[in-house]
Amino acid sequence: MLLSNVFFKSLRDRRMSMLFWLLGVSLLAVLFVSLFPLVSDNEALKQYAETMDKDMLAIFGIEELDYSTGDGFLNTELFGVMLPVLLIVFAIGLGSASIAGEEDKRTIEILISEPIQRSRLILEKYAVMVVGIGMLGLMVWASVAGAALVFSMGVSLVNLAAATLSCALLAMVFGSLSFGVGSITGKRGLSIAVGSATAAGTFVLNAISALVDSLEPAKWISPFYYYSSNQPMVNGLDLLHVAMLVALCSVTFVIGYVAYQRRDLRL
């Protein structure tokens, strides 16, 4: 009976790794929040922040270093680089393991031997990735919100939700890409490589576009632009940017979905 429900089977198979990820990201978030009282009143750090080169900050999608407010601190330290990288790594790993991982382990034969249509199989596998990233994002929000109350950080819970959602959607873009490549090729290593290389490449492209005027139009093709340019931890959600991230996820999933329906599986 369990095999006939790919969604719950996949969640069960990954329950321990999911638990470690949830605990690890939660502890990291609490650690960052606990540092705020130490840096918010540090005059030397404020002077350093004022002297930081704006072009260098633009590389990471940050307009200015602000350690005096909770929103500014989290925007710089947690949502600037650390959390996006962690969620992208998680998403790529989960996306590449969904279809291609089953083929690499030769367990795909067990799944398709059940009375399950390919369309249902791939939809439930994708749903596992969506739920996994969603759970991680929810844990981040809850951990930061709770710790912010303890350490009197005074952050906007609405902006925190906006930043967490944007970060989760950014990770979903590259997770969906790895999922799609794995569905097309059945090769987990290739899906990880493509997802990772694209994430690194588009990050660099977004950074360069902020420094070189002639390359500024290139920012529109980088998912990182739609994640960081509006700085949702400070300014709230930009619905157009959210729509663009969702569209990128949808395109890669649909391509993988169609290709998987027509492909001969490696059994």
Side-chain angles (χ1 to χ4, degrees), residues 22 25-26 28-30 32-33 36 57-92 95 126-127 129-149 153-177 199 202-203 205-207 209-210 216-253:
L22 290 171
V25 170
S26 176
L28 178 68
V30 172
F32 269 92
V33 173
F36 177 69
L57 294 178
I59 293 177
F60 303 102
I62 301 171
E63 293 182 0
E64 62 179 356
L65 290 180
D66 180 11
Y67 293 120
S68 62
T69 65
D71 291 349
F73 174 78
L74 290 177
N75 183 61
T76 301
E77 295 299 327
L78 186 61
F79 290 98
V81 175
M82 181 64 70
L83 189 62
V85 168
L86 287 175
L87 262 65
I88 288 172
V89 169
F90 175 78
I92 290 176
Y126 190 76
M129 185 176 70
V130 174
V131 170
I133 296 173
M135 289 173 61
L136 210 58
L138 183 60
M139 180 62 78
V140 169
W141 183 88
S143 299
V144 174
L149 290 175
M153 200 173 194
V155 300
S156 166
L157 297 184
V158 175
N159 285 358
L160 176 60
T164 305
L165 175 62
S166 297
C167 192
L169 287 175
L170 175 69
M172 275 292 299
V173 169
F174 301 108
S176 297
L177 178 60
T202 53
F203 174 82
L205 180 64
N206 185 57
S209 68
E216 184 179 4
K219 68 185 180 183
W220 299 105
I221 63 176
S222 172
F224 286 93
Y225 171 76
Y226 302 107
Y227 164 67
S228 64
S229 63
N230 184 58
Q231 301 188 71
M233 187 65 237
V234 176
N235 301 313
L237 209 59
D238 186 313
L239 295 181
L240 178 59
H241 288 184
V242 169
M244 287 299 300
L245 292 173
V246 171
L248 290 172
C249 295
S250 302
V251 168
T252 50
F253 168 71

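N235 places none of its side-chain heavy atoms less than 4.5 Å from the side chain of N159. Under the 4.5 Å side-chain criterion, counting only non-hydrogen atoms from C-beta, L170 is not in contact with L87. The shortest side-chain heavy-atom distance between L28 and L86 falls under the 4.5 Å cut-off. Proximity of L74 to M153: side-chain heavy atoms (C-beta onward) are separated by under 4.5 Å at one or more points. A heavy-atom distance below 4.5 Å is not found between the side chains of M172 and L245. Taking the side chain as every heavy atom from C-beta outward, S176 and L248 never approach each other to under 4.5 Å. Contact of the L205 side chain with the K219 side chain is not registered, since no non-hydrogen atoms from C-beta on lie closer than 4.5 Å. Contact annotation: the side chain of L169 never approaches that of V173 to less than 4.5 Å [non-hydrogen atoms, C-beta and beyond].
A donor-acceptor contact shorter than 3.5 Å links the side chain of T202 to the backbone of A199. At least one donor-acceptor pair under 3.5 Å links the side chain of W141 to the backbone N or O of L157.
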message: I'd like to know whether H241 forms a side-chain contact (heavy atoms from CB on, under 4.5 Å) with Y225, so could you lay out the CA-CA distance, the side-chain angles of the two residues, the decisive distance to 0.1 Å, and finally the verdict.
response: CA-CA 9 Å; H241 288 184; Y225 171 76; 4.1 Å; yes
- request: Run the numbers on F73 and V33 for side-chain contact (heavy atoms from CB on, under 4.5 Å), then give the verdict.
  value: CA-CA 9 Å; F73 174 78; V33 173; 6.0 Å; no
task: Could you walk me through whether M82 and F32 pass side-chain contact (heavy atoms from CB on, under 4.5 Å), step by step?
output: CA-CA 10 Å; M82 181 64 70; F32 269 92; 4.0 Å; yes
message: Would Y226 and V242 count as a side-chain contact (heavy atoms from CB on, under 4.5 Å) here? Give the steps.
response: CA-CA 7 Å; Y226 302 107; V242 169; over 6 Å; no
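The shortest heavy-atom contact between A145 and L160 is N-CD2, 3.8 Å. Across all their heavy atoms, N206 and S228 have their closest contact at ND2-OG, 4.0 Å. Here the closest heavy-atom approach between residue G80 and residue P84 is recorded as O-CG, 4.1 Å. Looking at every heavy atom in both residues, A171 comes nearest to A91 through O-CB, 3.2 Å. For the residue pair M135 and L22, the shortest heavy atom distance occurs at O-CD2, 3.6 Å.
One distance of note links SG of C167 with CZ of F79; it measures 6.5 Å at 0.5 Å rounding. How far CE of M233 is from OG of S156: 6.0 Å, rounded to the nearest 0.5 Å. The OG atom of S166 sits 8.5 Å away from atom CG of D238, with the distance rounded to the nearest 0.5 Å.
A centroid separation of less than 6.0 Å is found between the aromatic rings of F224 and F174.
Residues passing the side-chain hydrogen bond (donor to acceptor under 3.5 Å, both in side chains) test with Y227, sequence neighbours excluded: none.
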